Amino acid sequence: MTVVTRFAPSPTGLLHIGGARTALYNWLFAKHHAEYGTGGRFLLRIEDTDRKRHAEDAVEAIYDGLSWLGLNWDGEAISQFTRAERHAEIARQLLDEGKAYHCYCTPEELNEMREAARAEGRKMMYDGRWRDRDPADAPAGVDPVIRLKAPQDGETIIQDLVQGEVKVDNGQLDDMILLRGDGTPTYMLAVVVDDHDMEVSHVIRGDDHLNNAFRQTQIYRGLGWDIPAFAHIPLIHGADGAKMGKRHGALGIDAYRDQGFLPEAICNYLLRLGWSHGDDEIISRDEAVEWFSLEAIGRGAARFDADKLTNLNGHYIRQSEDSRLVDLVIPLLALSLKGTLDEGAESRLIKGMAGLKERAKTLPELAESAEIYAMTRPLRLNEKADQLVQGVGRDHLDSLRGRLTDVGDWNHEALENAVRAYADSADIKLGKAAQPLRAALTGRTVSPSIFEVIEILGRDEVLGRLDDVLKDL
RNA sequence: GUCCCCUUCGUCUAGCGGCCUAGGACAUCGCCCUCUCACGGCGAAAACACGGGUUCGAUUCCCGUAGGGGACGCCA
């Protein structure tokens, strides 16, 4: 039997971090079974039953976010809204079979029921007043809703692949609305019908849906359909332990992209947030597909930890192809340098990326450090760098300029030897010579190996930058 | 309020009755490497929420308590 999973976001906002993890787990589970089992498919369904809450750009954000993360879905994304007629048909079928009924309650009546329940400290639910009432009593001018005639005794049990066996007293569940007064389906009906029609075998979603699983189970039973396997994964909380709400870093996935995180870092982080494979931390996409299983998902909610994500991001940056990083960094440089990239910038970036990426944890950080290869002369030195080229620093630079001019083979070994020779002759530590050089050539006190920088910058640029500084003083 | 779920270092977690003087990772703090900063290496500090059981033996199983979270819409 082939495994079919689905990611079913509602297009109300953006694809946030929790949704991304849910999508990732669904994708991995399907892929795992496609490659190591008897087949697997990952589907995408937009839950836009309520047109009021449908936003086209939100749908685009979901597509973009999933694509960026590399979570491709099989076939076309399905819009739940387009299936409304099918949903209504099922509701009517249930009605005909006597498993559902018309309810003519007004919103006001429902509100009273809720208030009363609250006052008595009971769970707020519909009292079933139209369940067995004669349809002839129907008031005129009220469009009835269709409610499920849910079982009133016994209990409903679900076997959750993450949470284990979970049961609830049927007395705790009321007769839910299947079809609204205007004939449109509710979420509860739509998910069941769609999951069934799409042949979804495993429903993997946030455990805020755990309670819904009971009600959906009742609908499946009423219809006589097979119930899919459920796997309710714990929610992700903010760093302060509170729910990841709009106020708590529930940023869209695009915000993480803008902050300079790589998709593979985010996926690796999200994978480990709530799932584990022994002590493994760095897990490639292929390993994830091979190892992923529902049993290894933790049951407690996890807090989002930006530090760990950042650390992982640094790892993936170091591992990235230099050319990819150059492509990612150039637009950022164009922005920070206001469009004035030095003409040799790109080729220097390619040569220098290996040394640069070793030191960055995010793309903006990488771009900032890469400025040293893209800036046009004369450089503006920051405060600390400026201090280094004053006084004795300046004297060393003066001498160093001559030493560098004499270097024949312009490569970092030869350059380092020249500077070391100078330091020896001046009886100073290498750092006393290297730091002023770094300051003058990069405008800052931190950079990759200064000899590597000198080599990449090239003789003309180096002597030019040195002269800029020496002339200024 | 009612129902459901959860509970190992600050954080993510390993652990599926004895291998645990509880392991790893991030973060923190030392030291080393060193032209700066990173990387890397070595080391330190840091946890089984509490109380009862079950058992020869509980971090692991059961029951309470406390704490946290979620759900209670003609939203999804």
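A quick note: this is a predicted structure, and the numbers were derived from the prediction, not measured. Both backbone and side-chain heavy atoms feed into the values below; hydrogens, waters and symmetry mates do not.
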Rounded to whole Å, the CD1-P distance (A:Ile282 to B:C12) equals 18 Å

One should read off an interatomic distance between A:Cys105 SG and A:Tyr126 OH, to the nearest 0.5 angstrom, of 4.5 Å

Exactly one candidate in A:Arg131, A:Arg215, A:Arg129, A:Lys99 meets salt bridge (charged side-chain N to carboxylate O under 4.0 Å, His left out) with A:Asp175; the answer is A:Arg131

| query | Do A:Thr442 and A:Arg438 get their side chains close enough for a donor-acceptor pair, meaning under 3.5 Å? | reply | no

By nearest-nucleotide position on RNA chain B, the 5'-leaning member of A:Glu452 and A:Leu309 is A:Leu309

In whole angstroms, the gap separating P of B:A14 from CH2 of A:Trp291 amounts to 15 Å

Which of B:U13, B:C74, B:C3 is nearest the side chain of A:Asn211? It is B:C3

Here the distance between atom C1' of B:C3 and atom CD of A:Gln172, to the nearest Å, is 5 Å

Discussion item. By the 4.0 Å heavy-atom rule, please label A:Tyr269 as base, sugar-phosphate, or nothing.
Written reply: nothing

Nearest-nucleotide check on RNA chain B, A:Phe451 vs A:Val168; residue mapping nearer the 5' end is A:Val168

B:A25 -> Watson-Crick or G-U wobble partner, both distances under 3.5 Å, gives B:U11

Query - B:C48 and B:C29, which share atom name C1', separated by this distance in whole Å - result: 25 Å

- prompt: What do the steps show when you test A:Gln80 against A:Thr49 for side-chain contact (heavy atoms from CB on, under 4.5 Å), and what is the final call?
  reply: CA-CA 6 Å; A:Gln80 193 160 60; A:Thr49 293; 2.9 Å; yes

Among B:A14, B:C35, B:A25, the one nearest any side-chain atom of A:Glu281 is B:A25

Side-chain atoms of A:Thr49 come closest, of B:G24, B:A76, B:C35, to B:A76

To the nearest angstrom, the CG-C1' distance between A:Asp207 and B:C4 comes to 10 Å

Across every strand shown, the nucleotide meeting Watson-Crick or G-U wobble geometry with B:C16 (both distances under 3.5 Å) is none

Under 4.0 Å, heavy atoms only, any strand: does A:Lys361 hit a base, just the sugar-phosphate, or nothing? sugar-phosphate

Same-atom distance (P) from B:U2 to B:U54, integer angstrom: 31 Å

message = Is there a side-chain contact between A:Thr186 and the phosphate of B:C74, meaning an N or O under 4.0 Å from OP1 or OP2?
response = no

Side-chain atoms of A:Ile450 come closest, of B:C4, B:U11, B:C35, to B:C35

Nearest-Å distance once atom C1' is located in both B:G73 and B:A14: 42 Å

message: Heavy atoms only, 4.0 Å cut-off, all strands: where does A:Ser276 land among base, sugar-phosphate and nothing?
response: sugar-phosphate

Pick the C1' atom in B:G30 and in B:G69, then give their distance to the nearest Å. 38 Å

B:U65 -> Watson-Crick or G-U wobble partner, both distances under 3.5 Å, gives B:A49

Problem set entry | Parallel, tilted or perpendicular: rings of A:Tyr269 and A:Phe304 (30°, 60°) | perpendicular

Checking B:A76, B:C39, B:C5 against the side chain of A:Gln163 (C-beta onward), the nearest is B:C5

- OP1, OP2 of B:C74 versus side-chain N and O of A:Arg114: anything below 4.0 Å? yes

*Using a cut-off of strictly less than 4.0 Å, decide whether A:Arg359 has a side-chain nitrogen or oxygen near OP1 or OP2 of B:C37.*
no

Heavy atoms under 4.0 Å, any strand shown: does A:Asn212 hit a base, just sugar-phosphate, or nothing?
base

Do the side chain of A:Ser449 and the base of B:C35 come within less than 3.5 angstrom through a donor-acceptor pair of N or O atoms? yes

A:Val446 has its side chain closest, among B:C37, B:C35, B:C6, to B:C37

**Prompt:** So what does A:His209 touch, heavy atoms closer than 4.0 Å: a base, only the sugar-phosphate, or nothing?
**Reply:** base

Pairing partner of B:U2, by Watson-Crick or G-U wobble and under 3.5 Å for both distances, is B:A71

Testing B:C4, B:G10, B:C74 for proximity to the side chain of A:Asp305, the answer is B:G10

A:Arg272 side-chain N/O to B:A25 phosphate OP1/OP2 under 4.0 Å:
no

Applying the 3.5 Å cut-off to both distances, the Watson-Crick or G-U partner of B:U59 turns out to be none

**Prompt:** Where does the angle between the aromatic ring planes of A:His102 and A:Tyr104 fall among parallel (under 30°), tilted (30 to 60°) and perpendicular (over 60°)?
**Reply:** tilted

Rounded to whole angstrom, note down the P distance from B:C50 over to B:U8. 11 Å

Next item on the list: Report yes if some heavy atom in the side chain of A:Leu43 is under 4.5 Å from a heavy atom in the side chain of A:Thr5; otherwise report no.
Entry: no

When both distances are under 3.5 Å in a Watson-Crick or G-U wobble arrangement, the nucleotide paired with B:C33 is none

In whole angstroms, the gap separating C1' of B:U13 from CZ of A:Arg21 amounts to 13 Å

A:Ile233 atom CD1 is separated from B:G69 atom P, nearest whole Å, by 19 Å

